[in-house]
Protein chains: 2
Amino acid sequence: MSANKGRGTLDERAQKLLKTLIERYVRDGQPVGSRTLSRETALDVSPATIRNIMADLEDHGLVASPHTSAGRIPTEAGYRMFVDSLVTVKPLKKKVVEELNEGITDSGDNAQALVANASKLLSQFTQLAGVVTTPRREHNQLRQIEFLPLSGNRVLAILVVNSREVQNRIIDLDRSYNESELRQAANYLTEQFGGNDVVEVRERLINDLKNTQASMNQMMVDAISIAQRAFEAGDTEDFVLEGQTNLMDFAELSDIDKLRSLFDVFARKRDILHLLDQCTRGQGVQIFIGQESGYEPLGECSVVSAPYSVDNEVVGVLGVIGPTRMAYEQVIPIVDVTAKILGSALKSST
Amino acid sequence: MSANKGRGTLDERAQKLLKTLIERYVRDGQPVGSRTLSRETALDVSPATIRNIMADLEDHGLVASPHTSAGRIPTEAGYRMFVDSLVTVKPLKKKVVEELNEGITDSGDNAQALVANASKLLSQFTQLAGVVTTPRREHNQLRQIEFLPLSGNRVLAILVVNSREVQNRIIDLDRSYNESELRQAANYLTEQFGGNDVVEVRERLINDLKNTQASMNQMMVDAISIAQRAFEAGDTEDFVLEGQTNLMDFAELSDIDKLRSLFDVFARKRDILHLLDQCTRGQGVQIFIGQESGYEPLGECSVVSAPYSVDNEVVGVLGVIGPTRMAYEQVIPIVDVTAKILGSALKSST
DNA sequence: CATTAGCAGTCTGGCCAGCAGAGTGCTAAT
DNA sequence: ATTAGCACTCTGCTGGCCAGACTGCTAATG
């Protein structure tokens with residue numbers, strides 16, 4: 001038994017064959033036979049030899065045949081090996097990078113529009129479904145607070161953070177406040193905490209309320225309790241999915257039931273968010289192949305994702321979702337570059 | 001030739017048969033034959049008679065047969081007649097109304113959440129796709145204006161309207177303004193225009209700028225030109241679509257290409273918005289059947305919609321989209337009631 | 001004269017056999 | 001170790017066949 005058999009490492013030739021097999025299979029979706037493979041490679045070996053090697057690859061669990069007299073198709077393990085060590089990512093053409101850059105930069109300057117556009121571009125350029133989580137900074141600088149009285153004991157709190165994001169929340173209070181009370185409270189808070197991190201502000205608020213309650217006048221106490229309520233609910237995390245209809249073109253998803261459960265997962269959002277969350281750790285492009293994601297409806301799908309950062313802080317994840325049989329060597333650089341562009345676009349708009 | 005033949009009006013018996021034919025066809029999607037129809041009705045006529053009547057109905061263009069030896073299925077004209085004069089809408093059960101009511105009312109109190117929930121409920125209760133346009137009032141009462149300086153000549157304008165909606169826009173100006181200038185301008189505008197209708201404010205702004213420019217001090221001119229910019233861009237109208245995956249269960253849409261073009265229309269949004277816009281005129285439930293919508297991808301779909309109002313003013317449209325073969329007698333009251341509930345829910349949250 | 005029974009005609013959908021095409025695994029030769 | 005050759009197998013397509021379901025027509029009926 002020679003080195004390229006059994007559980008050992010793979011022959012270089014075998015690797016090369018696996019690579020071309022996957023590339024070929026990705027191209028036209030048909031199981032690849034030995035004859036085709038022998039013609040495709042420059043190795044100059046006969047189909048018979050290829051058949052032997054294919055048997056080895058099958059032992060390794062890297063390829064499989066759908067039935068006796070079909071060619072081979074890659075298994076998930078095969079794809080895994082491919083993306084880990086075999087794939088040669090083509091650097092993107094300058095023109096493509098420019099198009100991406102313009103597409104994102106030109107999309108107005110609010111964060112939501114940038115994100116939506118990035119998602120659209122991802123789906124356009126890859127012909128898969130693009131997905132981008134809304135940015136979510138650890139460090140949100142509080143700029144200003146306003147309170148407006150509503151009916152009953154309710155108050156509309158408006159927080160301006162990071163100089164262009166506006167959040168507003170309705171808070172229920174224990175008693176009603178008039179306009180001037182609220183204005184005083186808002187001014188006090190803005191003065192006191194403006195320029196500080198939101199999380200930090202929240203902590204200081206909690207402390208202040210506990211420790212110095214006695215020494216503060218009623219207005220400040222009120223202001224703080226109002227503000228505390230306003231900070232309670234964190235931002236709702238979310239993502240923008242575009243081009244999901246692209247997925248309907250793939251034969252492996254033409255089964256309407258599979259497609260439906262896939263779309264249902266998208267609509268439910270929770271699972272996808274959880275999955276994307278995992279991509280936050282680690283930097284650079286990450287790939288989930290098929291079952292690796294742990295979600296059944298994503299069974300025959302892969303996720304290629306990359307976190308994007310502003311000021312060296314990871315604020316979100318973007319990527320594409322498509323069938324396991326996708327052109328990784330093209331998708332990977334697109335995801336990679338888009339993440340970088342989006343990151344800097346968000347930065348420059350701050 | 002008797003009264004129920006040719007282009008004349010329809011026999012009562014013929015109408016009854018058309019009705020049960022449609023009800024039956026809606027139920028199980030199969031062409032309905034004369035034998036079935038004779039058993040289904042209490043008319044006590046033989047299949048042969050039914051066949052004669054069916055021939056009449058076919059002359060009238062109300063039913064058609066897919067091929068020689070199949071039963072009949074309703075045409076679009078048939079459905080049209082059905083919904084116009086034949087259908088007996090069952091009033092909803094109290095329990096259902098309550099569930100709808102609670103489902104919408106309990107969904108927090110911002111408008112966006114209410115709308116999203118209404119859409120979800122529509123899709124749940126009908127097993128079709130639910131759609132609700134975001135409310136858009138003619139009369140938006142301006143409550144307050146704030147300006148915050150950004151980098152360069154840009155300013156973040158925050159408008160509070162109708163006491164709980166907050167809009168913010170970034171505007172480019174011809175020169176930069178410092179914080180105190182902006183505050184003055186904001187105060188001036190809020191004082192001057194607070195409580196007025198946004199559209200009206202805009203008009204007054206344009207006039208003021210033209211007529212009295214000379215007599216105003218620079219600050220006011222600045223304030224007005226800033227505000228004018230802020231009012232320029234109208235609200236972006238939009239809709240919330242839920243449960244589109246429900247549509248994948250219908251046999252008439254199992255063709256993946258039809259499904260795709262349908263979903264593409266949803267994603268493009270523009271056409272759907274235009275279609276829904278048409279439902280604004282006229283009150284009560286409106287129905288588009290198949291080609292009537294004028295949009296090709298909606299070929300085999302119907303839209304059942306109703307406008308919803310706050311304070312007697314129509315502010316949006318909601319409805320469901322599903323295959324032409326849908327249970328109108330159930331869908332119609334659901335849409336109707338949901339529109340009313342959503343309207344009053346929006347009112348009470350003002 | 002409307003209604004009905006009966007009958008011939010027709011279209012679909014499922015089933016099966018047969019066949020070409022593609023590819024494998026094995027064996028024996030190089 | 002590689003390769004040529006061969007027998008074998010599995011798919012996908014085609015055409016024929018048959019049962020089932022309806023219709024439209026004609027002639028009979030109250």
Side-chain angles (χ1 to χ4, degrees), chain A residues 1-6 8 10-14 16-18 20-21 24-25 27-60 62-75 251-252 254, chain B residues 1-6 8 10-18 20-21 24-25 28-60 62-75 251-252 254:
Chain A
M1 197 177 271
S2 78
N4 66 339
K5 289 214 172 144
L10 237 55
D11 208 346
E12 186 173 341
R13 193 175 58 176
K16 192 154 189 177
L17 278 172
L18 177 59
T20 53
L21 183 145
R24 173 83 193 202
Y25 178 67
R27 247 197 27 225
D28 52 36
Q30 299 295 320
V32 188
S34 56
R35 181 200 222 80
T36 319
L37 221 40
S38 117
R39 263 190 276 108
E40 202 90 342
T41 62
L43 285 174
D44 207 37
V45 283
S46 79
T49 314
I50 306 253
R51 284 203 283 279
N52 289 328
I53 302 172
M54 292 320 255
D56 291 357
L57 288 177
E58 195 160 339
D59 284 349
H60 281 268
L62 299 170
V63 299
S65 43
H67 58 85
T68 343
S69 87
R72 301 302 210 294
I73 60 174
T75 62
E252 43 269 77
S254 68
Chain B
M1 197 175 269
S2 77
N4 66 340
K5 289 218 171 136
L10 236 57
D11 207 346
E12 186 174 341
R13 193 174 60 176
Q15 291 193 7
K16 190 154 188 173
L17 279 172
L18 177 59
T20 52
L21 182 144
R24 173 83 194 202
Y25 178 67
D28 52 36
Q30 297 295 320
V32 188
S34 55
R35 180 200 223 81
T36 319
L37 221 41
S38 119
R39 264 189 276 107
E40 203 89 342
T41 63
L43 286 172
D44 206 36
V45 283
S46 78
T49 314
I50 306 254
R51 283 203 284 279
N52 289 327
I53 303 173
M54 294 319 258
D56 291 357
L57 288 177
E58 194 160 339
D59 283 349
H60 281 269
L62 299 170
V63 300
S65 43
H67 59 84
T68 342
S69 89
R72 301 300 211 294
I73 60 175
T75 62
E252 43 268 76
S254 68

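All values below were derived from every heavy atom in this structure, side-chain atoms included, with hydrogens, water molecules and symmetry-related copies excluded. Each chain gets a letter, A, B and so on, in the order its sequence line appears, and its residues count up from 1.
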Trainee: Ignoring backbone atoms, establish whether A/Thr68 has a side-chain N or O less than 4.0 Å from OP1 or OP2 of D/dC10.
Mentor: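 Yes.
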Trainee: CE of A/Met54 versus C1' of C/dC26: gap in Å, rounded?
Mentor: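 Taking atom C1' of C/dC26 as the reference, CE of A/Met54 is at 18 Å.
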Trainee: Regarding B/Ser34, tell me which of base, sugar-phosphate or nothing describes its non-hydrogen contacts under 4.0 Å with the strands shown.
Mentor: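 Sugar-phosphate only.
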Trainee: Can you tell me the pairing partner of C/dT30 across any strand shown, Watson-Crick or G-U wobble, with both distances under 3.5 angstrom?
Mentor: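 Paired with C/dT30, as far as the under-3.5 Å criterion goes, is D/dA1.
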Trainee: Does a distance-only test, which skips hydrogens and angles, find a donor-acceptor pair under 3.5 Å between the side chain of A/Arg51 and the base of D/dG5?
Mentor: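 For A/Arg51, whose side chain was compared with the base of D/dG5, there is a donor-acceptor pair (under 3.5 Å).
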Trainee: Between B/Val45 and B/Arg13, is any pair of side-chain heavy atoms under 4.5 Å apart?
Mentor: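 Side chain of B/Val45 against side chain of B/Arg13, heavy atoms only: contact under 4.5 Å found.
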Trainee: So, is B/Ser69 close to the C/dT10 phosphate, meaning a side-chain N or O under 4.0 Å from OP1 or OP2?
Mentor: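 Negative; the distance criterion is not met.
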Trainee: Near B/Asp44 CG, under 6.0 Å, is it more than 12 heavy atoms from other residues, nucleotides or ligands?
Mentor: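 No - once you tally the heavy atoms of other residues, nucleotides and ligands closer than 6.0 Å, there are 12 at most.
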Trainee: Whole Å only: how far is the CG atom of A/Asp11 from the P atom of D/dA1?
Mentor: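 So the two atoms are 11 Å apart, to the nearest Å.
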Trainee: Under 4.0 Å: is that the gap between some side-chain N or O of A/Arg13 and OP1 or OP2 of D/dA1?
Mentor: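 Answer no for this pair, as no side-chain N or O of A/Arg13 is under 4.0 Å from OP1 or OP2.
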Trainee: In whole Å, I'd like the distance from the CG atom of B/Leu21 to the C1' atom of D/dC22.
Mentor: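 In whole Å, D/dC22 C1' lies 14 Å from B/Leu21 CG.
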Trainee: Quickly work out the A/Arg72 CZ to C/dG23 P distance and round it to whole Å.
Mentor: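 My rounded result for the distance is 12 Å.
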Trainee: Looking across every strand, which nucleic acid part, if any, lies under 4.0 Å from B/Ala48 by heavy atom: base, sugar-phosphate, or nothing?
Mentor: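 Base contact - B/Ala48 has a heavy atom under 4.0 Å of at least one base atom.
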Trainee: If we ignore hydrogens and angles and just use 3.5 Å, is the side chain of B/Ser65 paired with the main-chain N or O of B/Gly71 as donor and acceptor?
Mentor: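 Answer holds: no.
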Trainee: D/dT9 C1' sits how many Å from A/His67 NE2, rounded?
Mentor: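 That distance rounds to 10 Å.
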Trainee: What's the CD1-P distance between B/Ile73 and C/dT12, to the nearest Å?
Mentor: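 Rounded to the whole Å, the gap is 13 Å.
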Trainee: Given side chains that start at C-beta, do those of A/Gln30 and A/Thr36 come closer than 4.5 Å, heavy atoms only?
Mentor: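 Side-chain contact under 4.5 Å: no.
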Trainee: To the nearest Å, how far apart are A/Gln30 CD and C/dA22 C1'?
Mentor: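 Result: 11 Å.
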Trainee: Measure from CZ on B/Arg35 to P on C/dA5 and round the result to the nearest Å.
Mentor: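 Nearest whole value for this atom pair: 12 Å.
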Trainee: On a heavy-atom basis, which atom in B/Pro66 and which in B/Pro31 lie closest, and how many Å separate them?
Mentor: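 Closest approach of B/Pro66 to B/Pro31, heavy atoms only: CG-CG, 4.0 Å.
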